Undergrad: 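What follows is a single structure, and I will ask about it in a moment.
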Amino acid sequence: MRIDDTYSRPLGNLRVSVTDRCNLRCQYCMPEEEYVWLPREEILHFEEIGALADVFMALGVDKIRLTGGEPLLRRDLPRLIRLLATKPRLRDLAITTNGVLLAEHAQALKEAGLRRVTVSLDTLRADRFAALTRRQTHAQVLEGIAAVTRAGFTETKLDTVVIRGVNDDELVDLIEFGKHAPAEVRFIEYMDVGGATRWSMEQVVSRTEVLEILESRYGRIEPVLEETTAPADRYRLPDGTVFGIIASTTAPFCATCDRSRLTADGVWYLCLYALRGTDLREPLRRGATREELAGLITGRWRQRADRGAEERLALRERAPLVQIARLKEDPHLEMHTRGG
Ligand code: SAM
Ligand code: SF4
Ligand code: SF4
């Protein structure tokens with residue numbers, strides 16, 4: 001089954017946020033200390049996520065990524081993974097985590113059937129981590145990354161949001177760290193998403209700049225040629241090391257974007273930048289049939305015309321997407337609610 005949107009982009013990739021809560025306060029995502037959290041009774045139960053996943057998979061979704069907030073804060077997460085991993089239509093089941101709780105959970109995640117892990121790692125320096133996240137848990141993140149490999153995971157990725165004046169002097173160190181982890185490092189351009197209330201264009205380190213910095217150290221960098229809808233462009237260093245760049249701000253990939261997002265309380269967003277989503281929890285809890293849910297999802301996807309990052313790029317004056325007051329009124333606009 002394939003359902004296309006108005007730009008012939010199929011419904012393919014679903015990011016499921018399992019909680020909006022987080023144990024870090026990254027300045028580019030959650031710069032405030034206090035947030036308005038989603039009410040507990042509105043958070044989807046695992047069985048409800050499973051039921052929605054079944055409908056999405058019948059409509060073409062074959063890749064699911066669990067995210068958050070911090071997904072490992074969700075109690076008993078391996079149970080959800082077991083529930084999803086057995087679905088025959090699912091080709092890929094991954095997680096994006098900040099790594100703080102990974103050391104204690106990596107083995108159980110692997111045993112439950114999780115296929116791949118992406119850890120967000122912006123710095124190798126504990127003092128910087130503390131300044132960037134307002135928490136002192138850098139050592140736990142590094143232990144968590146080691147535990148991923150020990151648990152037998154392969155194809156691990158390390159995602160780094162590069163911010164000028166914050167961590168743009170660590171690109172080489174991160175690549176070297178990735179070689180030994182082992183994990184593929186991906187540099188992400190700083191995005192002006194909801195929640196990034198301190199964003200400015202000056203702080204964005206573009207793909208071009210990242211390549212220049214790395215070429216001046218390693219010599220000639222070759223692109224890895226591949227046909228995929230994955231957001232990262234991949235490159236190879238002279239020694240064969242592969243890394244990625246997600247140029248979401250300066251060279252958006254909306255044209256091939258097959259991703260949508262389900263929040264922990266069951267609101268479905270067709271774009272990271274979308275201001276409104278579709279409530280799937282309400283019909284689900286009302287007892288809607290699979291066919292009714294499939295009809296709702298199909299109808300919305302067929303009308304999808306979102307190209308959020310491209311529209312942002314076309315703006316002359318670019319400032320944070322949403323101001324704090326509006327985010328407090330509607331936490332669904334937050335990156336940590338959408339799942340990144
Ligand atoms: N808490 C988990 C984590 O940090 O990996 C999962 C959720 S987090 C919202 C998902 C990803 O979004 C992380 O890799 C994070 O670095 C990225 N992210 C958050 N805010 C961003 C921003 N303003 N620009 C680019 N990436 C951002
Ligand atoms: Fe940082 Fe992820 Fe938490 Fe956002 S959700 S504050 S990126 S750890
Ligand atoms: Fe997809 Fe929206 Fe991101 Fe563009 S901005 S790549 S359409 S989620």
Side-chain angles (χ1 to χ4, degrees), residues 5-7 9 11-33 35 65-74 94-102 117-123 129 132-135 137 141 144-145 157-163 166-167 185-200 203-205 229-232 246-249 251-261 263-264 269-275 277 304-313 320-322 334-340:
D5 72 3
T6 59
Y7 294 113
R9 298 170 297 187
L11 174 64
N13 210 312
L14 184 67
R15 299 180 69 108
V16 178
S17 171
V18 293
T19 177
D20 58 329
R21 291 168 190 255
C22 193
N23 45 5
L24 297 184
R25 288 290 179 276
C26 304
Q27 60 166 265
Y28 52 75
C29 178
M30 299 182 79
E32 310 297 310
E33 189 57 46
Y35 281 88
R65 177 170 292 274
L66 303 176
T67 174
E70 173 44 41
L72 295 180
L73 287 179
R74 179 80 188 247
I95 195 171
T96 298
T97 165
N98 63 28
V100 174
L101 299 172
L102 251 183
V117 179
T118 298
V119 187
S120 300
L121 179 71
D122 299 323
T123 177
F129 180 90
L132 192 61
T133 67
R134 289 210 254 134
R135 298 292 183 269
T137 45
V141 176
I145 294 168
K157 297 204 166 70
L158 298 176
D159 279 4
T160 302
V161 180
V162 186
I163 304 184
V166 173
N167 62 348
V185 176
R186 304 192 305 177
F187 298 112
I188 307 176
E189 290 180 354
Y190 186 12
M191 296 171 73
D192 56 346
V193 285
T197 48
R198 299 179 186 180
W199 182 92
S200 74
Q203 289 175 291
V204 177
V205 180
T229 59
I246 303 182
S248 22
T249 302
F253 33 85
C254 302
T256 56
C257 173
D258 65 352
R259 271 170 297 284
S260 63
R261 295 169 163 82
T263 62
Y269 284 92
L270 305 187
C271 176
L272 194 48
Y273 287 91
L275 296 178
R304 178 182 187 243
D306 299 74
R307 299 180 84 112
E310 284 183 0
E311 284 165 16
R312 301 290 297 163
L313 187 63
L321 181 70
V322 197
E334 297 271 8
M335 178 78 150
H336 70 266
T337 311
R338 302 258 167 121

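Just so you know, these numbers come straight off a predicted model, no measurement behind them. As the structure lists them, so they are numbered: ligands from 1, and atoms in each ligand from 1.
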Undergrad: Return the residue, atom name and 0.1 Å-rounded distance of the protein heavy atom closest to atom 4 (O) of ligand 1.
TA: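 Of the protein heavy atoms, Ser120 OG, 3.4 Å lies nearest.
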
Undergrad: For atom 4 (Fe) of ligand 2, what's the nearest protein heavy atom and its distance?
TA: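 Minimum-distance protein heavy atom for atom 4 (Fe) of ligand 2 reads Cys29 SG, 2.5 Å.
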
Undergrad: Hey, does the side chain of Thr133 reach the backbone of Cys26 with a donor-acceptor pair shorter than 3.5 angstrom?
TA: no

Undergrad: Return the residue, atom name and 0.1 Å-rounded distance of the protein heavy atom closest to atom 12 (O) of ligand 1.
TA: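 Protein heavy atom with the smallest distance to atom 12 (O) of ligand 1: Met335 CE, 3.7 Å.
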
Undergrad: Do any nitrogen or oxygen atoms of Val161 come within less than 3.5 Å of a nitrogen or oxygen of ligand 1?
TA: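 Such a contact does not occur with ligand 1.
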
Undergrad: Is Thr67 touching ligand 1 with its side chain, its backbone, both, or neither, if touching means heavy atoms under 4.0 Å apart?
TA: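 The side chain, only.
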
Undergrad: Quick check: does any side chain N or O of Arg9 sit under 3.5 Å from a backbone N or O of Asp258, one acting as donor and the other as acceptor?
TA: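 Here the side-chain-to-backbone pair does not exist.
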
Undergrad: Enumerate the atoms of ligand 3 whose separation from the nearest heavy atom of Asp306 is less than 4.0 angstrom.
TA: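 Matching atoms, with element in brackets: 7 (S).
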
Undergrad: Check whether any heavy atom of Glu189 sits under 4.0 Å from an atom of ligand 1.
TA: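 Yes, Glu189 has a heavy atom closer than 4.0 Å to ligand 1.
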
Undergrad: May I ask you to decide if Gly99's main-chain N or O and Thr97's side chain share a donor-acceptor pair within less than 3.5 Å?
TA: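 A pair under 3.5 Å: yes.
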
Undergrad: Specify whether an N/O/S atom of Cys254 falls short of 2.8 Å from atom 4 (Fe) of ligand 3.
TA: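 Yes, since at least one N, O or S atom of Cys254 sits under 2.8 Å from atom 4 (Fe) of ligand 3.
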
Undergrad: Just which atoms of ligand 2 are under 4.0 Å from any heavy atom in Leu24?
TA: 6 (S), 8 (S)

Undergrad: Looking only at distances, can you tell me whether any N or O atom of Thr97, backbone or side chain, sits closer than 3.5 Å to an N or O atom of ligand 1?
TA: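 It does: an N or O of Thr97 is found under 3.5 Å from an N or O of ligand 1.
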
Undergrad: For His336, does its backbone N or O pair with a side-chain atom of Glu334 as donor and acceptor, under 3.5 Å?
TA: no

Undergrad: If only side-chain N and O atoms count, and only distance matters, is there a donor-acceptor pair under 3.5 Å linking Tyr35 with Asp20?
TA: no

Undergrad: Only heavy atoms of Ala196, strictly under 4.0 Å: list the atoms of ligand 1 that pass.
TA: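 Close to Ala196: 23 (N).
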
Undergrad: Decide yes or no for Phe187 and Ile246: does some side-chain heavy atom of the first lie under 4.5 Å from some side-chain heavy atom of the second?
TA: no

Undergrad: Taking side chain as C-beta onward, heavy atoms only, is Leu321 less than 4.5 Å from Arg312?
TA: yes

Undergrad: Short question: side chain of Trp199, backbone of Val193 - any donor-acceptor pair under 3.5 Å?
TA: no

Undergrad: How far is atom 8 (S) of ligand 3 from its nearest protein heavy atom, and which residue and atom is that?
TA: Leu272 N, 3.3 Å

Undergrad: Applying a 4.0 Å heavy-atom criterion (strictly less than), which segment of Arg15 is in contact with ligand 3: side chain, backbone, both, or neither?
TA: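 The answer is neither.
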
Undergrad: Starting from atom 21 (C) of ligand 1, what is the nearest protein heavy atom, named by residue and atom, and what distance separates them?
TA: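 Result for atom 21 (C) of ligand 1: Tyr28 CD1, 3.5 Å.
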
Undergrad: Examine Cys26 and say whether one of its N/O/S atoms is closer to atom 1 (Fe) of ligand 2 than 2.8 Å.
TA: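 Given the 2.8 Å cut-off, Cys26 counts as a ligand of atom 1 (Fe) of ligand 2.
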
Undergrad: Students should be able to answer this: which protein heavy-atom is nearest to atom 5 (S) of ligand 3, and at what distance?
TA: Ala309 N, 3.0 Å

Undergrad: For Ser17 and Thr263, indicate whether the former's side chain and the latter's backbone hold a donor-acceptor pair under 3.5 Å.
TA: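 No; zero donor-acceptor contacts below 3.5 Å.
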
Undergrad: Could you find the nearest protein heavy atom to atom 3 (Fe) of ligand 2 and give me its residue, atom name and distance?
TA: Cys22 SG, 2.3 Å

Undergrad: Measure from atom 6 (S) of ligand 3 to every heavy atom in Phe253, Tyr273, Tyr269 and give the option owning the shortest one.
TA: Phe253

Undergrad: Would Gly69 count as a polar contact of ligand 1, with the cut-off being nitrogen or oxygen pairs under 3.5 Å?
TA: yes

Undergrad: Do Cys22 and Asn98 have side-chain heavy atoms sitting under 4.5 Å apart?
TA: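 When only atoms from C-beta onward are counted, Asn98 and Cys22 do touch, with a gap below 4.5 Å.
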
Undergrad: Can you tell me the protein heavy atom closest to atom 8 (S) of ligand 1 and the distance?
TA: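 Result for atom 8 (S) of ligand 1: Gly68 O, 4.4 Å.
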
Undergrad: State whether Arg135 and Glu33 are salt-bridged, where the test is any N-O pair (Lys NZ or Arg NE/NH1/NH2 against Asp/Glu carboxylate O) under 4.0 Å.
TA: yes

Undergrad: Please check if the side chain of Arg25 supplies one atom and the backbone of Met30 the other of a donor-acceptor pair under 3.5 Å.
TA: no

Undergrad: Minimum heavy-atom separation for Thr96 and Ser120, please, with both atom names.
TA: CG2-OG, 4.1 Å

Undergrad: Near Cys271, which atoms of ligand 3 are under 4.0 Å from a heavy atom of that residue?
TA: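 Those of ligand 3 that fall under 4.0 Å from Cys271 are 2 (Fe), 5 (S), 7 (S), 8 (S).
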
Undergrad: Indicate the atoms forming the closest heavy-atom contact of Glu310 with Ala255, along with that distance.
TA: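 What the structure gives for the nearest pair is OE2-N, 3.7 Å.
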
Undergrad: Starting from atom 1 (Fe) of ligand 3, locate the nearest protein heavy atom and write down its residue, its atom name and how far away it is, to 0.1 Å.
TA: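 Checking every protein heavy atom, the shortest distance to atom 1 (Fe) of ligand 3 gives Cys257 SG, 2.3 Å.
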
Undergrad: Atoms of ligand 1 less than 4.0 Å from Glu70 heavy atoms?
TA: 1 (N), 2 (C)

Undergrad: How close does the nearest protein non-hydrogen atom get to atom 24 (N) of ligand 1, and which residue and atom is it?
TA: Met191 N, 2.9 Å

Undergrad: Quick check: does any side chain N or O of Thr6 sit under 3.5 Å from a backbone N or O of Arg304, one acting as donor and the other as acceptor?
TA: yes

Undergrad: Quick check on contacts: which atoms of ligand 3 are under 4.0 angstrom from a heavy atom of Arg261?
TA: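 Near Arg261, meaning under 4.0 Å from one of its heavy atoms, ligand 3 has 8 (S).
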
Undergrad: Report, in ascending order of atom number, the atoms of ligand 1 lying under 4.0 Å from any heavy atom of Tyr190.
TA: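 Under 4.0 Å from Tyr190, ligand 1 has these atoms: 23 (N), 24 (N).
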
